[in-house]
J.: 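Here's a structure for you.
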Amino acid sequence: MKIAEESGFTALISKIFAPLLRPLFPKLDKNSEAFKSITMNISANLLGLGNAATPFGLKAMGELNRLNNCSNTASNEMVIFVVLNTASLQLLPTTLATLRQSYGSNAPFEVITAIWISSATALTVALTVACTLNLKKAR
């Protein structure tokens, strides 16, 4: 994580994801540590690297909690991030493919279409519910 930050990789990933994530996190500065950690978490999840995503997710949640004045109530940004992280979209399910291959599959990526459909559906439904509840709460 430190190497990614010092090399400027986190800043680059933040720039790439900013147009997609700004509507979900309108209160976050796109140059903030929280936003950078969120984008790195999502990047790792897209590549199916759940273990690599965890440190970024923990840092993002810590930063979001700090911005929330360490309240006992989760902010809208925290809720949206948990939803994004939990229902993560995976473009390359590398962990699953590795497991399938280790158990003898001749085509470990043959399930990729089903994974794309199920993860996109889960993410869409989860974000719709979370955003709807946040809008109702804001009223």
Side-chain angles (χ1 to χ4, degrees):
M1 191 163 146
K2 203 71 161 157
I3 293 169
E5 289 172 355
E6 290 177 12
S7 69
F9 187 66
T10 55
L12 175 66
I13 295 296
S14 286
K15 276 186 179 179
I16 292 169
F17 278 104
L20 299 171
L21 295 176
R22 291 299 301 150
L24 295 174
F25 301 99
K27 294 180 182 176
L28 285 184
D29 177 9
K30 67 179 183 178
N31 296 317
S32 70
E33 288 302 313
F35 196 80
K36 288 177 187 175
S37 295
I38 289 169
T39 58
M40 292 304 294
N41 174 270
I42 291 169
S43 299
N45 278 328
L46 282 171
L47 297 173
L49 304 171
N51 289 341
T54 300
F56 292 115
L58 292 172
K59 183 169 183 182
M61 193 56 82
E63 287 294 317
L64 290 171
N65 190 43
R66 186 183 60 75
L67 293 171
N68 194 31
N69 296 320
C70 298
S71 170
N72 290 331
T73 304
S75 67
N76 289 346
E77 290 78 16
M78 293 168 90
V79 171
I80 294 296
F81 175 64
V82 167
V83 167
L84 279 174
N85 189 45
T86 304
S88 68
L89 183 63
Q90 292 201 6
L91 298 179
L92 290 174
T94 53
T95 302
L96 179 63
T98 302
L99 286 171
R100 287 175 49 84
Q101 187 174 25
S102 72
Y103 283 101
S105 174
N106 292 329
F109 279 100
E110 73 184 350
V111 296
I112 200 163
T113 304
I115 289 169
W116 288 342
I117 292 168
S118 62
S119 66
T121 302
L123 183 61
T124 302
V125 170
L127 281 176
T128 302
V129 170
C131 290
T132 301
L133 292 175
N134 280 339
L135 285 175
K136 286 181 181 179
K137 187 173 104 176
R139 289 182 190 163

J.: Please report the shortest heavy-atom distance between Ile80 and Ala130, naming the atom on each side.
T.: CD1-CB, 3.8 Å

J.: May I have the list of side-chain donor-acceptor pairs in residues 38-52 shorter than 3.5 Å, sequence neighbours left out?
T.:
from  : atom 1 : to    : atom 2 : distance (Å)
Thr39 : OG1    : Ser14 : OG     : 3.2
Thr39 : OG1    : Phe35 : O      : 3.3
Thr39 : OG1    : Lys36 : O      : 2.8
Asn41 : OD1    : Asn45 : ND2    : 3.3
Asn41 : ND2    : Ala53 : O      : 2.9
Asn41 : ND2    : Asn85 : OD1    : 3.2
Ser43 : OG     : Thr39 : O      : 2.8
Asn45 : ND2    : Asn41 : O      : 3.4
Asn45 : ND2    : Asn85 : OD1    : 3.0

J.: How far apart are the closest heavy atoms of Leu67 and Ala34, and which atoms are they?
T.: CD1-CB, 4.2 Å

J.: Atom CG in Leu84, atom CG in Leu89: separation rounded to 0.5 Å?
T.: 10.0 Å

J.: By side-chain contact (heavy atoms from CB on, under 4.5 Å), which residues pair with Asn72, not counting sequence neighbours?
T.: none

J.: Does Thr73 offer a backbone N or O that forms a donor-acceptor pair with the side chain of Asn68 under 3.5 Å?
T.: yes

J.: When Ile, Leu, Val, Met, Phe, Trp and Tyr are grouped by side-chain heavy atoms lying under 4.5 Å apart, directly or through other members, which residues fall in the same group as Ile117?
T.: none

J.: Side-chain heavy atoms under 4.5 Å apart, restricted to Ile/Leu/Val/Met/Phe/Trp/Tyr: what other residues fall into the cluster of Leu58, or is it alone?
T.: none

J.: Is any side-chain heavy atom of Thr98 closer than 4.5 Å to a side-chain heavy atom of Pro108?
T.: no

J.: Restricting to side-chain contact (heavy atoms from CB on, under 4.5 Å), what partner residues turn up for Asn31, sequence neighbours left out?
T.: Asp29

J.: Working to the nearest 0.5 Å, report the span between OG of Ser105 and CG of Leu99.
T.: 11.0 Å

J.: Show every salt bridge (charged side-chain N to carboxylate O under 4.0 Å, His left out) that has at least one partner inside residues 104-114, sequence neighbours left out.
T.: Arg100-Glu110

J.: Side chains of residues 16-23: which donor-acceptor pairs under 3.5 Å do they make with residues two or more places apart or in other chains?
T.:
from  : atom 1 : to    : atom 2 : distance (Å)
Arg22 : NH1    : Phe25 : O      : 3.4
Arg22 : NH1    : Leu28 : O      : 2.2
Arg22 : NH2    : Pro26 : O      : 3.3
Arg22 : NH2    : Leu28 : O      : 3.2

J.: Sorted by first residue and then second, give each side chain to side chain donor-acceptor pair (under 3.5 Å) pair with at least one member in residues 117-131; sequence neighbours left out.
T.: none

J.: For a quick test of reading the model, state the closest non-hydrogen atom pair linking Ala97 to Phe109 and the distance between them.
T.: CB-CZ, 3.4 Å

J.: When you group the ILVMFWY residues by side-chain heavy-atom contacts below 4.5 Å and let the links chain together, are Leu123 and Leu96 in the same group?
T.: no

J.: Checking Glu33 now: which residues fulfil side chain to side chain donor-acceptor pair (under 3.5 Å) with it, not counting sequence neighbours?
T.: Lys59

J.: For Phe81 and Met61, work out which heavy atoms get closest and say how close.
T.: CD2-CE, 3.8 Å

J.: If every non-hydrogen atom of Pro93 is compared with every non-hydrogen atom of Ile115, which pair is closest and at what distance?
T.: CG-CD1, 3.6 Å

